[in-house]
Amino acid sequence: MTDPVVGIISIILGLIGDTLDELFELLGLPKWLYLPTFIAAVTLTFLLALVLDILFIIWMERKVIGRIHHRRSITETGPVGFLQNVADLIKLLVKEDVYPANADKFMHYASPILIASIAIIPAVLIPYGPQTFFMRMSTSVVLFFAIATLVPGIVLLAGWAGNSKYSTIGAFRAGLQLISYEIPLSLSILGVILMARSLDFYRIIEAQSNVWFAILQPLGAFTFFVVSLMELERSPFDIPEAEGEILVGWRTEYSGLKFGLFYAAEYFKFFIASAAFTALFLGGWHGLFFDSVIYFLLKMHIVMLVMIWVRVTFFRPRPDQLVRISYTKLIPLAILNLLWVVLINPFVLPLLY
Amino acid sequence: MVSIVKKIKSFILPMRVTGKYMVKKPFTVMYPREKAVVKKRWRGLHELAFNKCVGCGLCRMACPNKCIDYIYPEGLDPRDKKNLKFRRPAIDWGHCIFCGLCVEACPTKAWYHTPRYKIYATSDSRLDLIRTPYELAVEEDKRKTYEDELSKIRDLMQTDLLEAAVGGEWEEIIKKLREKWRDLWYMKLDGKLDEKTWDEKAREIEKLVLDIIKQASLP
């Protein structure tokens, strides 16, 4: 059965194409301008969808945290408080632009833009459905994690450009976090790559058509989950922006739109990390009766829900405890998972593809 | 092996607790739109079964905040012990802590709590929080609504609730005014004053008292 979402997407693309056709005829614009305009229009449409989804995710996060605290959370703005995030966005947009004295002005303004744009790039590497993906390449997993690793570097830069002790401490804590999670991250995805025999997200998802990798290698899934929480800098691993210790860490000096961009980048990362978990361990688009983008999005949002759940439940370790957890618990777990994969690999071969 | 199981448990247990609360109904009541659900044993605003009351004085004795005092019906002499059973309690909700001791002490179960919880006063008068037995009465025929504050003060002048209501530096003044008023009242009951002069003289004092109460009520 074909994916119903593909039909909807093609209708949207057709609508954009038709509109542009008429617009070009009406204004008499040159033909070489058509392709860039079309690409820009499509990108904007999908970005709009992404932003809407992120508004929903923020709403869900606030609601779930409220419920766990036994209260109601946002209720007043819009239906069930849904428009509260839009109101917050408007507030961030109209705020005064402040930048600290003696700060590096160029880096101060560049880092929010860089972080938000780099954080969203990996989204194009993930295939969301059997026919719904932006690009396919044989090494998309490597590129995905290479780009994802860039973000903490920019965090370091942003913290330094804040010209404040809190942001500098936060930035170096981000660096510390990077060196502690990078190794178990690579080791935990190595098991998936070995089992699927491919570095391509598409092939990895195809390999899980019968059984998910989360079932075949639960240790790897657990390690990847914890490590992605570390990479997201979300509670319980929100050490670089530990409130109550160092204000808001590396983004202390950023306000208004710059803070908004950081906030957006955080949720882009959230989106991408849960998408990666879905693709690597939860079988991507595979579901009951037919394969669809709907399953991918559903699984992704469930992973997000669990991440929010974990965020409310556990407390933050100290930075040194984080490094200890990473080196004495997560790396051995990941290596154990690798050994397990090597052991069971010959037996699970008929289950794949 | 045991330690591994323990560690896994230490992850699952807190997740279970938070997960339980995630699906529970929130505790918050959206108050103006939703009505608060009151428990059966809620001690709300009082009501008085006027005909059941025997004027025994136990509720005043039980009251820890001294916010209950008695009012005699018109024309009855408080100095006559035979009239004790006709007096009825007035209550100052401004001082009441809703402990329920008056309800417990009442031998005839004339006092009781309703589930009502809304209590408020207009900003310029604390008089709204003091309720006379005629306002508290359950029985329709005993119930009385006061047209103005002065007629309510006429009833309340018999009680010591007014002093407590103003408090502070005004307390002594109100006490003296009430003593003056009581002398007039007794004179009228003895027949030394005729109805008209009593009314005029008492009204003068009551106006003064009302002014003081309004002054004391200002923030």
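Order of the sequence lines fixes the chain letters, A, B, ..., with proteins taken first and strands second; residue numbering starts at 1 for each chain.
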- Task: Tell me, for A:Thr75 versus chain B, whether the close heavy atoms (under 4.5 Å) come from the side chain, the backbone, both or neither.
- Result: side chain

- In Å and rounded to the nearest 0.5 Å, what is the NE2 to OG1 distance from A:His69 to B:Thr18? 9.5 Å

- What closest approach, in Å, do B:Met22 and A:Val64 show between heavy atoms, and which atom pair accounts for it? SD-CG1, 3.4 Å

- Task: Just do the side-chain contact (heavy atoms from CB on, under 4.5 Å) check on A:Trp309 and B:Met15 with the steps written out, would you?
- Result: CA-CA 7 Å; A:Trp309 189 358; B:Met15 292 287 276; 4.0 Å; yes

- Around atom NZ of B:Lys144, are there more than 12 heavy atoms of other residues, nucleotides or ligands at under 6.0 Å? yes

- Run the numbers on A:Arg72 and B:Met30 for side-chain contact (heavy atoms from CB on, under 4.5 Å), then give the verdict. CA-CA 9 Å; A:Arg72 276 184 194 258; B:Met30 307 295 289; 3.2 Å; yes

- Query: Around B:Glu74, counting heavy atoms of other residues, nucleotides and ligands shown, do more than 12 lie under 6.0 Å from its CD?
  - Reply: no

- Query: Around B:Arg143, counting heavy atoms of other residues, nucleotides and ligands shown, do more than 12 lie under 6.0 Å from its CZ?
  - Reply: yes

- Might you point out which heavy atoms bring B:Lys24 and A:His70 nearest each other, and give the distance in Å? CD-NE2, 4.3 Å

- Is the count of non-hydrogen atoms from other residues, nucleotides or ligands lying under 6.0 Å from B:Trp93 atom CH2 greater than 12? yes

- Considering residues, nucleotides and ligands other than B:Glu147, do more than 12 of their heavy atoms fall under 6.0 Å from its CD? no

- Greater than 12 external heavy atoms within 6.0 Å of B:Arg16's CZ: no

- Message: For a quick test of reading the model, state the closest non-hydrogen atom pair linking B:Ser10 to A:Phe314 and the distance between them.
- Response: O-CE2, 4.2 Å

